**Q** 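Structure incoming, see below.
Keep in mind that this is a model prediction, so the values were computed, not measured. Every heavy atom of this structure was used, including side-chain atoms; hydrogens, water molecules and symmetry mates were not.
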Amino acid sequence: MPAHLLDDSLADIEARLDAWGEPAYRARQIARWVLREGVTTFEAMTDLPLPLRARLAEAYTLEPPAELARTDADDGLTTKVLLDLGGSEPGAPGFDAVEAVRMDYDPESPEHAPGTRGRSTVCVSTQAGCAMGCVFCATGQQGFTRNLTTSEILAQVLHFTRGAEGRPVSNVVFMGMGEPLANYDPTLRAVRWLIDSRGLDMRARGVTISTVGLEGPIRRLAGEGLQVGLTVSLHAPDDDLRRRLIPTAGGVTIDGLLDASREYVERTGRRVTFAYALLEGVNDEPEQARRLAERVRGMRAHVNLIPYNPTAGEGLRRPSTARVRAFQRELQAAGVNATVRIERGVEIAAACGQLRTDVVAGNAPPVAVLDSGTA
């Protein structure tokens, strides 16, 4: 089967066209058709010569993944889809599918400060499953299947920008299934297609990469010259507890992650976010908040507190609102900027891995495959 066009960079496409005796500007035309117009066939690229369209169809594919399931919440402002990556049937060995979520934010809602624009954020996956094994994560309990290609990552964004899905996507967060920095090169190629003026032309500051905490790749990302946001998972104020919550953390230390995060801040000028999933009686005590504050105080960073969404770990509980606010107040009193994540899609189990788990178990009915259209 031909390779997907978006697994190549723009430079790769230009080189291929040059070898065919075609001008470089054709690559920009092709990128516009695929990313801005959302076409899924080369025949639809009407400003390209017919012989070139035929040759492209022989060398590449633009086929999008089929939608296996969809759930909606928040009066239609949150939509979660499960996309088929070409494996076997749900529940059978080799089932290969990933989740993506679109969250539209109404500028008139309480979630927005007065005068701010509405935005549309897509949360994408970078792996089928995940090898990190976080005890509180549904994806982490599924195990790891494989890395996604660049085109499979971008397909999740394009799924929501084609046809009648709504307004353009303004933000993309790499916070879905998998560890983005463990699939570094395809993830970075996807980011570059998103922010390139000849690609989707999104603001770099509208893209955020979330990592469970891979120190070396964080430092590598710091040197890429990108203005994308970075979120680093801490989830604990000390290494022993963090390794219990993230069994694959191994030799990674919080001090090492903080040093890598400081390097990211210094080289990019961007503030780093530290994610902290709050688990009742595990990591949500006021004393733990004070210890966390001691470690991150003085950094150009903020802590995003995430009350646990019961999905995976047996015996884990969501803290009460009072405990969440008490933890936040301890951080703020110590001079640390701390926010509590606004929850979306609770009634559709929008946390990573839940829709896939439900489909495999037969608890979520598949939907008819949508016509992706050609824009």
**Q** Where do Arg295 and Asp238 land on the salt bridge (charged side-chain N to carboxylate O under 4.0 Å, His left out) test, with the steps shown first?
**A** CA-CA 9 Å; Arg295 307 197 77 152; Asp238 62 84; over 6 Å; no
**Q** Restricting to non-hydrogen atoms, name the atom on Ala31 and the atom on Arg198 that form the minimum distance, rounded to 0.1 Å.
**A**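 Taking every non-hydrogen atom into account, CB-O, 3.5 Å.
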**Q** Is the terminal nitrogen or CZ of Arg220 (NZ for Lys, CZ for Arg) located under 6.0 angstrom from the six-membered ring centre of Tyr184 and within 45° of that ring's axis?
**A**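 Yes, Arg220 sits over the ring of Tyr184.
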**Q** Quick check: does any side chain N or O of Asp259 sit under 3.5 Å from a backbone N or O of Gly256, one acting as donor and the other as acceptor?
**A**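 No.
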**Q** Return the minimal non-hydrogen interatomic distance between Ile254 and Ala236, and the atom names on each side.
**A**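 Looks like CD1-O, 3.4 Å.
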**Q** Of all the heavy-atom pairs spanning Tyr276 and Gln288, show the shortest one and how long it is.
**A**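 Distance-wise, the nearest heavy atoms are OH-CB, 4.5 Å.
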**Q** Would you call Met45 and Leu62 a side-chain contact if the rule is heavy atoms closer than 4.5 Å?
**A**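 A side-chain contact under 4.5 Å exists here.
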**Q** Ignoring hydrogens and angles, tell me if any N or O in the side chain of Asn283 forms a donor-acceptor pair with the backbone of Leu278 under 3.5 Å.
**A**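 Side chain of Asn283 to backbone of Leu278, a donor-acceptor pair under 3.5 Å: no, none is there.
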**Q** Could Arg242 and Asp240 be called an ion pair, given the rule that one side-chain N must be under 4.0 Å from one carboxylate O?
**A**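 Between Asp240 and Arg242 there is no salt bridge, as every charged N stays at least 4.0 Å from the carboxylate O atoms.
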**Q** For a salt bridge (charged side-chain N to carboxylate O under 4.0 Å, His left out) check, start with the C-alpha distance between Glu287 and Arg291, then their side-chain angles and the critical distance, and finish with the verdict.
**A** CA-CA 6 Å; Glu287 186 272 336; Arg291 287 161 53 201; 3.2 Å; yes
**Q** Report yes or no: does Arg36 contribute a side-chain atom to a donor-acceptor pair with the main-chain N or O of Gly199 at less than 3.5 Å?
**A**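 Side chain of Arg36 to backbone of Gly199: a pair is present.
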**Q** Just to verify, what does Arg189 make a side chain to side chain contact (heavy atoms under 4.5 Å, CB included) with, not counting sequence neighbours?
**A**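 Here the qualifying residues are Thr150, Asp185, Pro186.
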**Q** If we ignore hydrogens and angles and just use 3.5 Å, is the side chain of Gln328 paired with the main-chain N or O of Ala338 as donor and acceptor?
**A**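 Side chain of Gln328 to backbone of Ala338: a pair is present.
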**Q** Could you tell me whether Glu63 atom CD has more than 12 heavy atoms of other residues or ligands within 6.0 Å of it?
**A**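 No, the 6.0 Å shell around CD holds no more than 12 heavy atoms from other groups.
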**Q** Hey, does the side chain of Asp72 reach the backbone of Lys80 with a donor-acceptor pair shorter than 3.5 angstrom?
**A**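 No, because the side chain of Asp72 does not come within donor-acceptor range (under 3.5 Å) of the backbone of Lys80.
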**Q** Treating Arg26 as the side-chain partner and Leu52 as the backbone partner, does any N or O pair qualify as donor plus acceptor under 3.5 Å?
**A**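 Pair absent, no side-chain N/O of Arg26 close to backbone of Leu52.
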**Q** Only counting residues at least two apart or in another chain, list the ones meeting side chain to side chain contact (heavy atoms under 4.5 Å, CB included) with Arg16.
**A**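 Arg16: side chain to side chain contact (heavy atoms under 4.5 Å, CB included) contacts with Trp20, Ala59, Tyr60.
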**Q** Under the side chain to side chain contact (heavy atoms under 4.5 Å, CB included) test, which residues partner Glu280, sequence neighbours left out?
**A**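 Side chain to side chain contact (heavy atoms under 4.5 Å, CB included) list for Glu280, sorted by chain: Asp284, Arg317, Pro319, Arg323.
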**Q** Between Asp74 (side chain only) and Gly76 (backbone N and O only), is there a donor and an acceptor less than 3.5 Å apart?
**A**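 Answer holds: no.
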**Q** Do you know which of Val172, Asp201, Leu226, Leu200 makes side-chain contact (heavy atoms from CB on, under 4.5 Å) with Ile195?
**A**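 When side-chain contact (heavy atoms from CB on, under 4.5 Å) is applied between Ile195 and each of Val172, Asp201, Leu226, Leu200, only Leu226 qualifies.
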**Q** Whether the Asn304 and Thr273 side chains hold a donor-acceptor pair (N or O, under 3.5 Å, no angle test) is what I'd like checked.
**A**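 No donor-acceptor contact under 3.5 Å links the two side chains.
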**Q** Please answer: with hydrophobic residues joined when any side-chain heavy atoms are less than 4.5 Å apart, are Met175 and Ile306 in the same cluster?
**A**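 In one cluster with Met175: Ile306, no.
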**Q** For Val34, is there any backbone N or O sitting under 3.5 Å from a side-chain donor or acceptor partner on Glu37?
**A**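 No, Glu37 side chain to Val34 backbone: no donor-acceptor pair under 3.5 Å.
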**Q** Identify, with sequence neighbours excluded, every residue that meets salt bridge (charged side-chain N to carboxylate O under 4.0 Å, His left out) alongside Glu263.
**A**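 Glu263 satisfies salt bridge (charged side-chain N to carboxylate O under 4.0 Å, His left out) with Arg219, Arg267 only.
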**Q** Evaluate Glu67 against Arg70 for salt bridge (charged side-chain N to carboxylate O under 4.0 Å, His left out), listing each step before the verdict.
**A** CA-CA 7 Å; Glu67 184 180 291; Arg70 169 185 291 240; 3.0 Å; yes
**Q** Would Arg102 and Thr78 count as a side-chain hydrogen bond (donor to acceptor under 3.5 Å, both in side chains) here? Give the steps.
**A** CA-CA 6 Å; Arg102 176 169 177 155; Thr78 301; over 6 Å; no
**Q** Tell me if a side-chain donor or acceptor on Trp193 pairs with a main-chain N or O of Asp8 at a distance below 3.5 Å.
**A**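 Side chain of Trp193 to backbone of Asp8: a pair is present.
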**Q** Counting only N and O atoms by type, is there a donor-acceptor contact under 3.5 Å from the side chain of Thr211 to the main-chain atoms of Leu181?
**A**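 Checking the backbone N and O of Leu181 against the side chain of Thr211, no donor-acceptor pair under 3.5 Å is found.
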**Q** Any chance the side chains of His4 and Thr61 put a donor and an acceptor closer than 3.5 Å?
**A**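 No - no donor-acceptor pair under 3.5 Å links their side chains.
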**Q** Can you get from Leu82 to Phe144 by hopping between Ile, Leu, Val, Met, Phe, Trp and Tyr side chains that sit under 4.5 Å apart?
**A**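 The answer is no; the residues belong to distinct hydrophobic clusters.
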**Q** Can Asp239 and Thr253 be counted as having a side-chain donor-acceptor contact under 3.5 angstrom?
**A**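 Distance-only check fails for Asp239 and Thr253.
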**Q** Under 3.5 Å, side-chain donor or acceptor atoms of residues 124-137 against the rest of the protein: list the pairs with distances, not counting sequence neighbours.
**A**
{"unit_1": "Ser125", "atom_1": "OG", "unit_2": "Glu99", "atom_2": "O", "d": "2.7"}
{"unit_1": "Ser125", "atom_1": "OG", "unit_2": "Met177", "atom_2": "N", "d": "2.9"}
{"unit_1": "Gln127", "atom_1": "OE1", "unit_2": "Glu179", "atom_2": "N", "d": "2.9"}
{"unit_1": "Gln127", "atom_1": "NE2", "unit_2": "Asn147", "atom_2": "OD1", "d": "2.8"}

**Q** By the salt bridge (charged side-chain N to carboxylate O under 4.0 Å, His left out) test, which pairs, at least two apart or in different chains, include something from residues 52-61?
**A**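 Non-adjacent pairs meeting salt bridge (charged side-chain N to carboxylate O under 4.0 Å, His left out): zero.
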